[in-house]
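Heavy-atom basis, side chains included; hydrogens, waters and symmetry copies ignored. Both ligands and their constituent atoms are indexed starting at 1 by order of listing.
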Amino acid sequence: MCGIIGYLGERAAAPIIMESLKRLEYRGYDSAGVAIYNEDADKTSVVKSAAKVDTLVDRLTEDMPAGRLGIGHTRWATHGRPTVINAHPHTDCTNRIMVIHNGIIENFAELKRGLQSRGHVFVSETDTEVVPHLIEEHFKGDLVAAVRESLVQVRGAYAMAIFSQHDPDLLIGARLNAPLVVGIGEKEWFIASDITAIIPYTKKVLLLGEGEMVSISSLGPEVSTLDGSAVKPRIIEVKWDISQAQKGGYPHFMAKEINEGAQAVSNALRGRLTEEGVVAFEEFGLTDRQLLKVRDIKMVAAGTSFYAALLGKYIIEDLARIPVEVEPASEFRYRQPIIDRDTLVVGVSQSGETADTLAAIREARRREARVISITNVVGSSMALESDGVIYLHAGPEIGVASTKTFIAHVVCLYLLGIRLAAVRHRLPPERLRELAADLKRLPDAVHTVLERAETLQAMARKYARYQNFMYIGRGINYPVALEGALKLKEISYLHAEGYAAGELKHGPIALLDKSFPVFAIATAGATTEKIVSNIQEALARDAPVVALVSQGDPVLDEMTSDRIEVPAVAEFLSPIPNVVALQLFAYFVASERGCDVDQPRNLAKSVTVE
Ligand code: AGP
C-alpha cells in the first residue's frame, strides 16, 4: 500500500526523503512523488514519476531541490491509473498546499462535486485531490484548523502528511484506519507510514492513535484529536536497528528472511517457555481466570497469516480441546458472527495494520468478545486496540512475501495452545516437558532445512518451466500445503493450488497430467500411508511429483518421484521445517523465472484498504 514520508528539520529534506522512499518500496507501489519547500525562494518543487523510485532519484539527483521541509509518497493505485498526474503529492488551486495520502476517501465523489461547483479545478482522477482543495477552502490563516475542518468532512481511511506555503514551519500528519508514526530526532521530525522508513535517523517513535492529528513545528510535535482535544503523546523506543532492515549480503530480502527462520523461532520462544512447559507472555493482557472462561475461539486473519491461523486451529484444538474457528477477516466483519464475552477472538497479522483484520477485531470488541492480537509490529493498530498482544519479535520483514513471520506466528500459536491447555489442566507434566523440549529443538531443524538450499534450488530449476502446481498435505500439514501454494503464486506468478490430499480424488485430480506437477508434503506422521496413496494416484495420471519426506524415511523409495528430505521432527511440529522447504522452493522458482521476488506485481506488504 502507499508509503508516506515527511520531514521537517535542519538538514536538506530531499536526500532524506529519497532514502526513505527507497525504504518504503517494499510496501508495494506503482508511482512516486515528492514536494520540497524552499524557504529562500518561497517555492515548492514537485517531482513525480510513474515508475520506480530510482527514476525519481535520478531526476532529483540531477537537480536536487533545496529546502528543509518536504514530503514523499509511493502510490499503490486505487482511484485512477498509475500515471504521473495521479501520483502524489496533490495540491490545491493555488499550488501552495501539498498532501500525500494512504487510504481511500469514500465520499470523495460527493466532496469533489461540491468543490467543483464552487469553482475548484481538479487535475487528477484520485480521491486524494479533494483534501488540498478542502483545506484551501477552510484556510482562514490557521492551517491546523483548516486541516481539522477538512478531515471532519472526509469519510473512509487515511494516513496523510500535509504542508503548506501558508505556514512553512508546520508539517501536519493525521490518521484514521491507516498507519502513521512520528519519528523524533535531534531537532528534526519525521512522519512515516512505518518505522522502517525512518530507522536510520531515529529510534524514538511517537505512536499516533486512531483519529489523531500531529502538528510538528520547530518546537516539536503536538498531538490532538480531530475535534481539537490535546492528546498526551505515546513515545516508544524501537528495539531493532538498521542492519535488520538491510539485505545483509543476500540478493533479496526474502532470501535473508527465509534464512532468519531459525532465529525467528528462537526469538518467538525467548523468555516465554520453561523446561517444564510453562508459558508466560509479557503483554498478554488476559489472566488465567479470563482464559478459563474462554468457551470458543475465533481467529481472523488474511493471506499467509490466515494459513498460520488455520494451523492455530489444529494446534489449539489438539492441545487445549477448545473449539476454534478460523475465518478470513474480510468475511467475518460483514456477517453476523456468533460471539460473546466468552469467545476469545485472536487477530493474526504480521503488520497489525491489515484493514480487514483490524476491522474484524473491532467488530469482535464491539460484540464484547475478548481480543488478543498476534503481530510483529510493536505499537501497531491491532496491538493498541486489543485486550492483549503477543509480539512475534521477528524483526522487520521487508519482502512482500511473508516467511519468517509465518514461522513466528505458528510458534506463538504453539505457545498459546500450551498456555490455554495449562489453565485447563489438559496436559500432563511429562507431555508439557516433551513439548517444550521439542519446540526448543526446532531452530536446529530449520537450520538443517536451510542447509539443503542447494538441493531445493536444483529442484526448483527442474520445475520452474511448469505453469501449474498442486500442493497437497494432510492433517496439520494441510495448511502448510495452502501456504506453499500461496508462496509460489505470489512471487512466481505461476498457478498453484493447495489441497487437503484426501480431497484430490474428489475433483482436482481431473487437472493432473504430465504438465501439472504435484508437490506432496509426505513427512512422517499418522497419515503418511494415506498420502503415499495420493501420490500413487497422481503418478498414475503421469503427474510429476516432488515429495517432502522425513530424513531416512524409506516411504517413497519405490516411487518415481523427486524427494526432498527434511529432518524428522514430531509430526505436530513438522509444519515449521516443512514450510521453510516450501518457502525456499518458491523463492528459487521465482528467481529462476527472473521475477521481482521482493516486490511482486500488484501486491502490497500491508493491505490497509478494504
Ligand atoms: C504474504 O506472503 C502476503 N503478502 C499476504 O498474504 C499477507 O500475509 C496478508 O496481506 C496479511 O498481512 P498481515 O499479516 O500483515 O495482516
Side-chain angles (χ1 to χ4, degrees), residues 1 25-29 76 102 177-179 193-196 252-255 257-258 261 264 299-312 326-333 345-362 373-383 385-386 389-392 394-410 412-413 479-480 482-493 496 498 579-580 582-587 590 595-610:
M1 294 284 112
E25 280 191 296
Y26 83 102
R27 294 173 63 87
Y29 75 106
W76 189 84
N102 169 27
N177 297 322
S193 294
D194 60 46
I195 293 165
T196 320
H252 300 100
F253 280 109
M254 185 179 178
E257 287 155 7
I258 295 172
M299 294 207 196
V300 287
T304 286
S305 296
F306 176 76
Y307 297 140
L310 212 51
L311 266 168
V326 186
E327 188 162 354
S330 52
E331 291 297 316
F332 178 88
R333 63 175 300 198
V345 171
V346 182
V348 180
S349 171
Q350 183 283 131
S351 61
E353 301 291 352
T354 297
D356 290 324
T357 317
L358 182 58
I361 65 159
R362 283 183 183 156
S373 285
I374 311 181
T375 181
N376 196 30
V377 180
V378 175
S380 56
S381 301
M382 283 178 60
E385 294 190 33
S386 300
V389 58
I390 301 174
Y391 284 119
L392 304 184
E397 187 175 72
I398 311 288
V400 163
S402 290
T403 51
K404 63 176 177 175
T405 58
F406 175 85
I407 292 172
H409 264 132
V410 177
C412 289
L413 287 161
V480 177
L482 296 173
E483 170 59 6
L486 176 62
K487 219 71 312 167
L488 189 71
K489 65 187 137 194
E490 69 179 338
I491 58 168
S492 70
Y493 318 141
V579 83
V580 176
L582 268 53
Q583 291 169 352
L584 282 170
F585 181 77
Y587 170 73
C595 300
D596 185 352
V597 291
D598 280 341
Q599 290 164 41
R601 69 185 182 205
N602 305 338
L603 295 184
K605 180 66 182 162
S606 157
V607 183
T608 51
V609 296
E610 275 190 71

| field | Where Val597 and Tyr587 come nearest, the two heavy atoms and their spacing | value | CG2-CE1, 3.8 Å

| Partner of Leu311 under side-chain contact (heavy atoms from CB on, under 4.5 Å), chosen from Val480, Leu413, Leu482 | Val480

| remark: With sequence neighbours left out, the residues meeting side chain to side chain contact (heavy atoms under 4.5 Å, CB included) with Ala401 are Met254, Lys487, Glu490, Ile491

| Which protein residues have a heavy atom under 4.0 Å from ligand 1? | Ala302, Gly303, Thr304, Ser305, Ser349, Gln350, Ser351, Thr354, Val400, Ala401, Ser402, Lys487, Glu490

| Results of side chain to side chain contact (heavy atoms under 4.5 Å, CB included) for Ser305 - residues two or more places apart only | Ala301, Val348, His409

| Under the side chain to side chain donor-acceptor pair (under 3.5 Å) test, which residues partner Glu397, sequence neighbours left out? | Ser402, Thr405, Lys605

| How about Glu353 and Ser381: does a side-chain donor come under 3.5 Å of a side-chain acceptor? | yes

